[in-house]
S.K.: 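Before we start, here is the structure in question, set down as structure tokens.
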Number of protein chains: 2
Amino acid sequence: MKKAVNLKEELALFEEHWSPKIVGEYNGNEVMVVKFKGEYPFHSHADTDDFFLVLEGRMTMELRDRKIEVGPGELFIVPKGVEHRPVAEEEVKVLLIEPKGEPNSGDSTERAPAVKEWI
Amino acid sequence: MKKAVNLKEELALFEEHWSPKIVGEYNGNEVMVVKFKGEYPFHSHADTDDFFLVLEGRMTMELRDRKIEVGPGELFIVPKGVEHRPVAEEEVKVLLIEPKGEPNSGDSTERAPAVKEWI
């Protein structure tokens, strides 16, 4: 990292939804920016927590037994093994952290994992 | 985590500088909010990267060979083993991630580590 990463600038470089872009690495984890719109299938990650920080917009993190509203500047960490799906009526911009190589789709059979690439 | 953590609300609960407050855990790492003002001694963390995301304000991350300006919405991850010190002329509010138990002062002999507590 030669200089600080401006998350808003990185987010302006792409438009696709559900396609995390890597902006940094922290101890073997990929730090990513991603845009969500619509709903993603329920899935879980057996071996890792899943870190979501909303940068702009709003989303609902649906768990099987409750729904968590997550607005700008709000953080929600899904514990490992817990089924979840992000739902966003309007586009939401998110900072996402997952271990390197972890499929963003977890154990979902409905959705193939995105190819996570550096931006 | 019963609901999303609003980082601004958490930051409003304390005033001390250089005293990280834990707001979440991600795979054995502590996710913290912290306020910096002034300068911290140079130090490094032998076994971990050090994650800084500026939420409000500005800081300079000084390395031995260069200075990194980090403004709001900007991320800088100090690689493990790299000497660094955050410097902030005015108060800056930061999201910090370090492994559980890692002293925020790293190998510094000038500064005792802060007691990291949940807020």
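Throughout, protein chains are lettered first and strands after them, A, B, ... in sequence-line order, and every chain is numbered starting at 1. FYI, side chains are in, hydrogens and waters are out, and symmetry mates aren't considered; it's all heavy atoms of this structure.
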S.K.: For the CG atom of B/L55 and the CG atom of A/L53, what is their distance to the nearest 0.5 Å?
M.R.: 7.5 Å

S.K.: Do other residues, nucleotides or ligands put more than 12 heavy atoms under 6.0 Å from B/E89 CD?
M.R.: no

S.K.: Is A/I97 linked to A/V115 within one hydrophobic cluster, defined over Ile, Leu, Val, Met, Phe, Trp and Tyr using a side-chain heavy-atom separation of less than 4.5 Å?
M.R.: no

S.K.: Only pairs of heavy atoms separated by less than 4.5 Å count here; which of A/L63, A/V5, A/V54 has the most with chain B?
M.R.: A/V5

S.K.: Checking A/E9 against chain B: side chain, backbone, both or neither under 4.5 Å from a heavy atom?
M.R.: neither

S.K.: Can you tell me how far CG of B/N27 sits from CD of A/E98, rounded to the nearest 0.5 angstrom?
M.R.: 10.0 Å

S.K.: Between A/E10, A/K2, A/M61, A/K80, which shows the greatest number of heavy-atom pairs under 4.5 Å with chain B?
M.R.: A/K2

S.K.: In terms of heavy-atom proximity below 4.5 Å to chain B, should A/L75 be classed as side chain, backbone, both, or neither?
M.R.: both

S.K.: Can B/V87 be reached from B/Y40 by stepping across I, L, V, M, F, W or Y side chains whose heavy atoms are under 4.5 Å apart?
M.R.: no

S.K.: With chain B, which of A/A4, A/G71, A/P72 has the greatest number of heavy-atom pairs at distances under 4.5 Å?
M.R.: A/A4

S.K.: Using a cut-off of under 4.5 Å for heavy-atom pairs, which of B/N6, B/V70, B/D47, B/N29 has the most such pairs with chain A?
M.R.: B/N6

S.K.: Quick one: of A/V78, A/I68, A/L95, who has the most non-hydrogen atom pairs under 4.5 Å with chain B?
M.R.: A/I68

S.K.: Give me the atom names and distance for the closest heavy-atom approach of A/P99 to B/Y26.
M.R.: CD-OH, 3.3 Å

S.K.: Hydrophobic clusters here meaning ILVMFWY residues chained together by side-chain heavy-atom distances under 4.5 Å, can you tell me if A/F42 and A/L96 are in one?
M.R.: no

S.K.: Can you name the closest pair of heavy atoms from A/I77 and B/M1 and give their distance?
M.R.: N-SD, 3.2 Å

S.K.: Before giving the answer on side chain to side chain contact (heavy atoms under 4.5 Å, CB included), spell out for A/F51 and B/V31 the whole-Å C-alpha distance, their side-chain angles and the decisive distance to 0.1 Å.
M.R.: CA-CA 10 Å; A/F51 176 108; B/V31 179; 4.0 Å; yes

S.K.: Specify which of B/R66, B/E69, B/K8 makes the most heavy-atom pairs with chain A at under 4.5 Å.
M.R.: B/R66

